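Because only heavy atoms are used, hydrogens play no part in the values below, and waters and symmetry mates are left out as well, while side chains stay in. What you see is a predicted model, and the numbers here were worked out from it, not measured in a lab.
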Amino acid sequence: MNKPFAITLNPGSSLANHTGSWRTERPVYVDRLPPCNSQCPAGEDIQGWLFHAESGNYEKAWQHLTKDNPFPAIMGRVCYHSCEGACNRGNLDAPVGINSVERFLGDEAIKRGWKLVEPATESGKHVLIVGAGPSGMSAAYHLRRFGHRVTVYEAGPMLGGMMRFGIPKYRLPRDVLDAEMQRVVEMGVNVVVNTKVDNILETMAAGGFDAAFLAVGAHIAKRAYIPSGEVSKIVDAVSVLRSMEGEDKPMLGRRVIVYGGGNTAIDVARTAKRMGAEPIIVYRRTRDKMPAHDFEIEEAMQEGVMIRWLSTIKKAGDTEITIEKMELDASGFPQPTGEFETLEADSVVLALGQDVDLSLLEGVPGLELSDGVVQVDANMMTGRAGVFAGGDMVPADRNITIAVGHGKKAARNIDAWLRGTTYVAPPKHQVATFDKLNTWYYADAPKTVRPMLDIIRRQSTFDEVQGGLDESTALFEARRCLSCGNCFECDNCYGVCPDNAVIKLGPGKRFEFNYDYCKGCGMCVAECPCGAINMVPEDI
Amino acid sequence: MLKQMEGSHAVAEAVALCRPEVICAYPISPQTHIVEGIGEMVKAGEIANCEFINVESEFAAMSVAIGSSATGARTYTATASQGLLFMVEAVYNASGLGLPIVMTVANRAIGAPINIWNDHSDSISQRDSGWIQLFAETNQEALDLHIQAFKLAEELSLPVMVCMDGFILTHAYERVDIPTQEQVDAFLPPYEPRQMLDTSAPVSIGAMVGPEAFTEVRYLAHEKQMQALELVPKMAEEFKAIFGRDSGGLVRTYRTEDAETIVIAMGSVLGTIKDTVDEMRDAGVKIGVLGITSFRPFPLDAVRQAIQHVKRVVVLEKTFAVGIGGILSTDVRTAFAGIDILAYTVIAGLGGRPITMKSLHELFEKAGRDDLVPLTFLDLDWKVVNKQLARERQQRRSGPAAENILRDVSTTAANLS
Amino acid sequence: MSFQPVKFYQTGTFTVGNRLLVPEERSVQANMERTNSLNSGHRACQGCGEALGARYAIDAAMHATNNQLIAANATGCLEVFSTPYPETSWQIPWMHSLFGNAPAVATGIAAAIKVKRQKGMKDDVRVVAQGGDGGTTDIGFGCLSGMFERNDDVLYICYDNGGYMNTGVQRSSATPPAARTATTMPVGQQPGNVFGQGKFMPAIAMAHEIPYVATATVADLRDLEHKVRKAMTFRGARYIHILVPCPLGWGSASQDTIKLSRLAKETGMFPVFEAEYGELTNSSKIRRLLPVEEYLKPQKRFAHLFGKSPAVGTIVRLQALADKNIRRYQMLDKEAN
């Protein structure tokens, strides 16, 4: 075409005009730490595995999850999911049901027989693990992945530790526990049961171990002095729960008094209920001060467990106990009132916490033992080089998720120590707080409620109380994730740029800014749903 | 084929023979009969593959024409007077964008006072718009010029205005020779646009051009019109070869041999002038006529050539530049710059005032005696003018001049009271 | 929502893209191969809503017509920032003629195409005309009404930023009441633009009973694309009116362009709907109803309503306008309320 001069122009020729020179601030892509990940005691990349679950690729999601935690089916049942408390979606409608999706993935893995990855090469190092509980088995798994030979000594007859002897079946069916333990064993972990380690240094020397991870747990019940008669039956909660796993079920009678306010108190009361008893929990403070998780208190009460708040046991007789009414003082501590009451009682179960059996550490030089636990440094190593510890036997909150996290952390440090280095955790990104999000873009989607077993069966059987999600509900729940702080390729920046200054690199490759044309308007930052773009001043 | 028909209809037939593709129409006297005629032919299917669009204004008419022409369609419209002024913004735009639209202007005065009768004020007001302007002397020439206009426009990629006197030509029944479709097809090839909106070769038409290139764009427009000075005579020759008659060209002389006086004019008044000149020649007066067909581009050389040996020229024009006088005369003066020729400007025929042979006789005789003032208003009623001037001197709120004058010349009912 | 939302919750239906959707359900703007009809290098201000809206709309129209599209453009910001010699940002056949004649130019283009099709041209080339609110509701009103009335096969897109921004922010007949412009200064008895004047072009378009009329904002891309696509399924005159915030004229932050578009709808200040042959057929429902202050406050053109002694009466009147929109255009979901 013989175009007229100046008035007719060639298409798209404005590319010659680099409007990027107008800019005083530039957008940059960032990754922020999602609050769920930040919160997870087991260090799971929750958002990472949800990402795969969102597209229905559950196997990939499970593989991603199990890089950090090999027990999703267990976690999906017994983890107290503090991640959900941190979830930004909670500010919008309700937190993402992370725990329920995790359980779905765990159950899928068991159903479909997905296997954990075995190490490609063997390091030739041999690590001793004492205790086959959550911490020990987690460490075993991670150390195997690093290619180390692993031997686990377990004092009890079966794997699982507190997961088996502390958590009732109605919360964690044993087939699920067995399946996830077995999968770790199948990686080539050597487990020796019914073998108590009495002296760690001797055992290490005898076995030629290069390092040890101690995770014996805390299963010595704390006692309280209660004046009692000869025939009164006073037992501890740990023993009751442990004996539930054996042939001889505990004989507690009809009227069972549970003394304490922690999760174990709830567990034992609900167990007693299922055995036909009429359990009453006696707790010295109020419900909101009770250490047990509120949902568990609620479930227990639904099932018919009675709770006497603000009460202490003063005396136990043959068929009754005396309790004293308490009242809270100004600082929230219970104080006796001098008012007494009697309750019928066939037995009293003490659920006042557990201590650690530290006997295997006797005589080990360099160790620091205080408050009934062993002190470890930031790398989970005790005062004795090469001896690491975790779980309930080190200073920390005690729950299974923390224990699993200790196992992972210890494994990383043991691995580094075996290589003669020190493990340095990668720097953590800034947490993606709610104010960084543009929540307009997330469609309204209320949380999916998991089905609960009907109340009659909850009161009379040990069937699992909480059901799981099915495929469609799990997918729905996964897709409620906001992907806080990390690009999920929603294309908003690519779309909203008035200057076409965002380059889309293709699926999985995210985006790049074309600073030749970006004028620095900041619209991409404002409209990024998940806060994955930051505006920084231009060097002028 | 010879036919007795109205001038407007003759033009309609000519446009139809040019195989137009888009025609936009908005009514204004005295142009209406042209588009009515074409509209009927399109509706009856006599013009194939043609869109006839009834628009809501002249501004829209030219705008639709701009769009269709830029998309490669042969486009035609027609207007007059106020209509032309209403579309002025688009008129400039069409030429600025180099779109070969052909438009008939049925010349009519511009108000106020509103007046539907003929003069050249409308077309002449657009002399600087960048359009080529061709003035027809007769209905036959009007018909022929339309056929030439499409060819000229499309060769140069410039719009062409064919100007014909309103009523005097548009509504006059005369004998015209309507060419055959074969003749027109042989003369006028299908439209091949120089630029167009095309999805297979996208361009942006109508850029904003700043000081860095605007002068060049303007110069190039001028250069195109200079090319037209060569093309117009050539086209007239080609036309003659196919159609067998003289039509168009830049200028036409009449009895200018040995003339001492040459009368210069445009449009249908040339007929009356020629009749007057014939009588004066018979009486031995050395007088001739120069008709200007191409007002834009203005044929300076051709005019200079035609008048360089005369003593005087009388430029008789149907336009008037208030505050200075002649418009055509100014251009003519530019043509003989440096040659010592007396030049008289005569404003005549405004708003349809008849130009009689009697008045022309008197005028030309006076001119021959060099007894004319430089600016003459033919048949101006000084009595009426002076009366109004006196009224205005006496009384500040003297009322509207036009109505006062009408009263003075006894053409209103108000005068009876 | 004027189209069936796709129930994919992580990204919802509000983001530009969605990796979970099948490709044919994805937005045009999410496509790596989108036409970028309005290319980089244009000279629009930072955060220009019109530049964004134009690319959204024209890319969608290109997609809907298999790239067989010609555009006529009125004078205004869009024209000036896209085609200053020697560069154009347009990648499609595009023409600018005058301020007030884009609809008529488009009529001419459509007429030429019709004739070419009669003469055997295979491609079904479609025509859009576009302009700002001044070029549409004021100076181009006559040509637009003519194009509507003749039902010419043209989609006209108005990018409404509520004023003559290119010439320095003067009032147009689309300027909202109370807004400050260079010709409606916040002084005197009635600061800012007066109440009771102006035109709402979509309603006027509906009165022409043309096949399709829709409004949209740059805040809801998928809705906008849906409307362009739908408009292209009709023959005859169609009109889409897109609200495009202007950081310069509105006195808003450049990054707030989409936010303000969103607030315009969520407060009821700008109704988003569709109409066919003069009848309202669909309304985008307000998702989180907000008071008009939320929309007004981030804009300096309304700053005189706030400050030390807020113009409560004026704000109430603006709220009444919003309430009327909500009622008239059925902006609230009855089931949800």
Can you establish whether the number of heavy atoms outside [X] located under 6.0 Å from its atom [atom1] is more than 12?
| X | atom1 | result |
| --- | --- | --- |
| B:Glu223 | CD | yes |
| B:Lys224 | NZ | yes |
| B:Glu216 | CD | yes |
| C:His63 | NE2 | no |
| B:Glu212 | CD | yes |

Apply the test side-chain contact (heavy atoms from CB on, under 4.5 Å) to residues C:His96 and B:Met208: give CA-CA distance (whole Å), side-chain angles for both, the deciding distance (0.1 Å), then the verdict. CA-CA 9 Å; C:His96 160 245; B:Met208 183 179 72; over 6 Å; no

Run the side-chain contact (heavy atoms from CB on, under 4.5 Å) test on B:Met196 and C:Met95 for me, step by step, so that the C-alpha distance in whole Å, both residues' side-chain angles and the decisive distance to 0.1 Å come before the verdict. CA-CA 10 Å; B:Met196 71 187 267; C:Met95 180 178 202; over 6 Å; no

Flag the one option from C:Val115, C:Asn73, C:Ile70 with the top tally of heavy-atom pairs under 4.5 Å to chain B. C:Val115

Partner chain B: residue of C:Ala104, C:Ala110, C:Gly100 with the largest heavy-atom pair count (under 4.5 Å): C:Ala104

Side chain from CB out, backbone as N, CA, C, O: work out which of these in [X] comes under 4.5 Å of a heavy atom of chain C, or both, or neither.
| X | result |
| --- | --- |
| B:Leu99 | side chain |
| B:Ala90 | both |
| B:Val209 | both |
| B:Cys50 | backbone |

I need the [X] [atom1] to [Y] [atom2] distance, nearest 0.5 Å.
| X | Y | atom1 | atom2 | value |
| --- | --- | --- | --- | --- |
| C:Lys119 | B:Asn49 | NZ | CG | 5.5 Å |
| C:Ile113 | B:Ser68 | CD1 | OG | 10.5 Å |
| C:Gln68 | B:Ser200 | CD | OG | 8.0 Å |
| C:Asn101 | B:Met62 | CG | CE | 11.0 Å |

Which atom of [X] lies closest to which atom of [Y], heavy atoms considered:
| X | Y | value |
| --- | --- | --- |
| C:Cys143 | B:Ala60 | SG-CB, 4.1 Å |
| C:Ala112 | B:Val22 | N-CG2, 3.9 Å |
| B:Ile66 | C:Ser97 | CD1-OG, 3.7 Å |
| B:Ser204 | C:Thr88 | OG-OG1, 2.7 Å |

Can you tell me which portion of [X] sits under 4.5 Å from chain B's heavy atoms? Options are side chain, backbone, both or neither.
| X | value |
| --- | --- |
| C:Ala106 | neither |
| C:Val125 | side chain |
| C:Glu79 | side chain |

Heavy-atom pair count under 4.5 Å with chain C, highest-scoring of B:Ser57, B:Ala213, B:Gly206: B:Gly206

Donor-acceptor contact below 3.5 Å, side chain C:Lys116 vs main chain B:Thr71: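 Yes; at least one donor-acceptor contact below 3.5 Å.
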
Evaluate the side-chain contact (heavy atoms from CB on, under 4.5 Å) criterion for residues C:Leu98 and B:Phe59: first the C-alpha distance (whole Å), next the side-chain angles of each, then the deciding distance (0.1 Å), finally the verdict. CA-CA 10 Å; C:Leu98 297 169; B:Phe59 177 66; 3.7 Å; yes

Student check: side-chain heavy atoms of B:Thr199 and C:Leu69 closer than 4.5 Å: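 Sidechains of C:Leu69 and B:Thr199: no contact.
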
Within a strict 4.5 Å, meaning less than it, do heavy atoms of the C:Trp94 and B:Leu197 side chains meet?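 Counting from C-beta outward, C:Trp94 and B:Leu197 never come under 4.5 Å.
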
Candidate pair C:Arg150 and B:Val55, rule side-chain contact (heavy atoms from CB on, under 4.5 Å), full reasoning: CA-CA 8 Å; C:Arg150 291 186 301 270; B:Val55 292; 4.1 Å; yes

